[in-house]
Enquirer: 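Before we start, here is the structure in question, set down as structure tokens.
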There are 2 protein chains.
Amino acid sequence: MTRTIIESKTKTVAIGFDAPFCVIGERINPTGRKKLAAELEAGDFSTVERDALEQVACGAMVLDVNAGVVYNSNPNPNETEPPLMRAMIELVQGLVDVPLCIDSSVPAALEAGLAAAEGRPLLNSVTGEEERMELVLPLVKKYNVPVVAISNDDTGISEDPDVRFEVAKRIVQRAADYGIPAHDIVVDPLVMPVGAMGTAGQQVFALVRRLREELGVNTTCGASNISFGLPHRHGINAAFLPMAIGAGMTSAIMNPTRPVEMEAVRAANFLMNHDPNGAEWIRFSRVLDAVAEGTPFAQAASEANAAGAGRAGGRRRRRG
Amino acid sequence: MTRTIIESKTKTVAIGFDAPFCVIGERINPTGRKKLAAELEAGDFSTVERDALEQVACGAMVLDVNAGVVYNSNPNPNETEPPLMRAMIELVQGLVDVPLCIDSSVPAALEAGLAAAEGRPLLNSVTGEEERMELVLPLVKKYNVPVVAISNDDTGISEDPDVRFEVAKRIVQRAADYGIPAHDIVVDPLVMPVGAMGTAGQQVFALVRRLREELGVNTTCGASNISFGLPHRHGINAAFLPMAIGAGMTSAIMNPTRPVEMEAVRAANFLMNHDPNGAEWIRFSRVLDAVAEGTPFAQAASEANAAGAGRAGGRRRRRG
């Protein structure tokens with residue numbers, strides 16, 4: 001069974017065919033969040049703190065950390081991203097105990113993140129672009145970490161899923177040349193918006209099956225891309241995630257603070273027989289009850305976690 | 001491509017691998033509805049009328065009609081079901097234009113329904129029980145209708161999915177002996193509650209793929225069985241339906257007046273590329289908007305249908 005092991009200082013998460021779907025929280029990312037970018041430039045990390053705590057409370061198993069800002073004071077990300085990445089990683093791993101996913105298009109920021117992260121973070125990402133492979137794969141090898149491999153190359157993103165499969169295969173082969181095993185590569189087959197390309201969903205489902213069966217790799221995606229530009233996006237996302245999970249997708253980079261999508265993931269885990277006796281579903285259903293009564297999702301989830309920890313503590317005390 | 005053709009007097013519905021998921025409305029069924037059973041015994045068909053209109057408004061493409069009452073005045077269903085089935089079929093096909101699914105465990109009621117139904121109804125059901133095959137398959141042949149085949153036999157319902165597959169295969173083979181083609185058989189692989197059997201979801205997904213690939217048949221199920229006994233059932237159902245559709249399930253007998261499940265089905269249709277340009281999704285999203293503002297689902301759906309008919313009429317007028 002393919003298992004991609006990601007670790008923080010104290011916690012291990014396995015992405016795998018036989019494991020619950022791995023929810024990678026996407027919120028710590030200033031791309032497209034002007035207010036957050038301005039805060040970071042001003043040295044204000046309060047939104048990052050809140051995003052870290054809320055996402056973990058809501059069920060994120062891994063947190064993506066992206067430092068992709070362009071400062072007004074310095075437009076060169078090669079200078080600004082590495083120290084910001086280091087600061088964000090140190091902050092986040094001081095606040096929460098989940099493993100991290102170091103996300104940058106700037107190789108120096110990836111290395112700064114790798115140097116700062118405790119445990120075994122997931123690196124995000126390599127692509128099939130020659131220069132990118134030559135820069136990132138040595139880092140993957142040097143730090144012995146798993147890596148997200150995105151299925152585009154120097155010719156761009158192909159609309160042909162067979163081409164995207166071949167790009168993924170080439171990355172896996174190149175990684176093998178560096179001594180990086182397939183189980184340390186998590187392929188993103190690239191999700192197109194179904195509103196623009198009617199075959200987008202079926203492409204992903206077919207690719208995930210092939211990637212799993214032919215390359216033996218775990219998979220991930222930016223799940224919300226599927227519903228880009230459409231009304232009632234959460235409804236599309238909440239059907240897409242179970243379908244992708246049914247096809248064999250093992251993780252997604254997504255917003256865990258949306259209860260509709262998290263409900264879909266938890267139901268899909270149960271239906272994949274990755275939730276023994278539905279214990280997680282039943283626990284989560286109490287959070288849904290609280291949300292239905294008006295409690296914000298993150299608060300309801302936090303309270304349920306605290307109650308669960310209290311019960312576990314009670315059991316431990318009785319044993320002692 | 002396997003296509004099961006069902007017809008009313010004026011409308012054709014194709015269940016098929018290349019068609020939108022066929023929602024068969026389950027509401028017209030007195031089993032477990034004491035109030036409805038009492039009404040029917042008293043000759044009051046108002047609930048049946050409302051259930052017919054509401055289900056079609058909400059998006060049912062076929063209506064299941066089940067006359068399974070036990071009258072206080074006459075406990076023999078062989079005497080009471082056939083005339084009640086005839087009366088219900090005549091009533092329903094006078095009210096709505098969708099094809100019907102004639103649902104009974106009493107062969108005489110099936111035949112009464114077949115005699116009363118216009119077009120090409122779906123017969124529900126045959127099983128792998130010897131006596132049942134001998135009684136029902138000749139009716140299927142005589143009336144040239146498609147039939148639901150449920151995967152249990154004289155030994156009962158097996159918990160082993162391989163046994164259920166073999167039962168389905170035997171029914172398909174026996175039907176062939178009568179000259180009934182596989183594309184006129186819609187197999188129900190039987191959905192167990194996931195709360196009682198953790199493998200229930202995966203069994204269905206695997207069976208649907210095998211039934212499709214090895215026997216070339218369409219499939220259906222009583223979808224809500226999956227969530228029996230669990231809290232937040234609709235969340236389980238709303239993940240199960242897209243996963244089953246992704247695995248190749250082509251229809252379900254379900255409650256179309258539940259917006260959560262219908263949203264999941266419509267999103268899954270879009271993701272299966274069975275909703276060109278997302279036109280149905282966008283239309284349905286307006287219904288969801290109205291539901292979010294407090295309009296009951298059936299009313300919101302009716303109003304959207306009326307508005308759509310108005311627009312279509314407008315286009316026709318411009319052409320005239």
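Within every chain, numbering begins at 1; the chains are lettered A, B, ... in the order of the sequence lines, protein sequences first and strands thereafter.
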Enquirer: Less than 4.5 Å to any heavy atom of chain A: does that hold for the side chain of B/Ile226, its backbone, both, or neither?
Expert: side chain
Enquirer: Restricting to non-hydrogen atoms, name the atom on A/Pro242 and the atom on B/Ala239 that form the minimum distance, rounded to 0.1 Å.
Expert: CB-O, 3.8 Å
Enquirer: Would you mind telling me which of A/Pro276, A/Gly235, A/Gly246, A/Gly278 has the largest number of heavy-atom pairs within less than 4.5 Å of chain B?
Expert: A/Gly235
Enquirer: Tell me every residue that passes ring-ring contact (aromatic ring centres under 6.0 Å, His included) with A/Phe21, counting only those two or more places apart in sequence or in another chain.
Expert: none
Enquirer: Can you pull out all donor-acceptor pairs below 3.5 Å that join chain B and chain A?
Expert:
residue	atom	partner	partner atom	Å
B/Pro231	O	A/Trp281	NE1	2.9
B/His232	NE2	A/Ser285	O	3.3
B/His232	NE2	A/Asp289	OD1	2.8
B/Trp281	NE1	A/Pro231	O	2.9
B/Ser285	O	A/His232	NE2	3.3
B/Asp289	OD1	A/His232	NE2	2.8

Enquirer: Under 4.5 Å, counting heavy-atom pairs only, tell me which of A/Pro231, A/Gly201, A/Ala200 racks up the most with chain B.
Expert: A/Pro231
Enquirer: Going by side chain to side chain contact (heavy atoms under 4.5 Å, CB included), name the residues that satisfy it together with B/Val98, two or more places apart in sequence or in a different chain.
Expert: B/Val56, B/Leu63, B/Val96
Enquirer: Which heavy atom of A/Leu271 sits nearest a heavy atom of B/Ile236, and at what distance?
Expert: CD1-O, 3.9 Å
Enquirer: Is B/Phe205 in contact with chain A via its backbone, its side chain, both, or neither, using a 4.5 Å heavy-atom distance?
Expert: side chain
Enquirer: Per the ring-ring contact (aromatic ring centres under 6.0 Å, His included) rule, what does the pair list look like for residues 241-269 of chain B, sequence neighbours excluded?
Expert: none
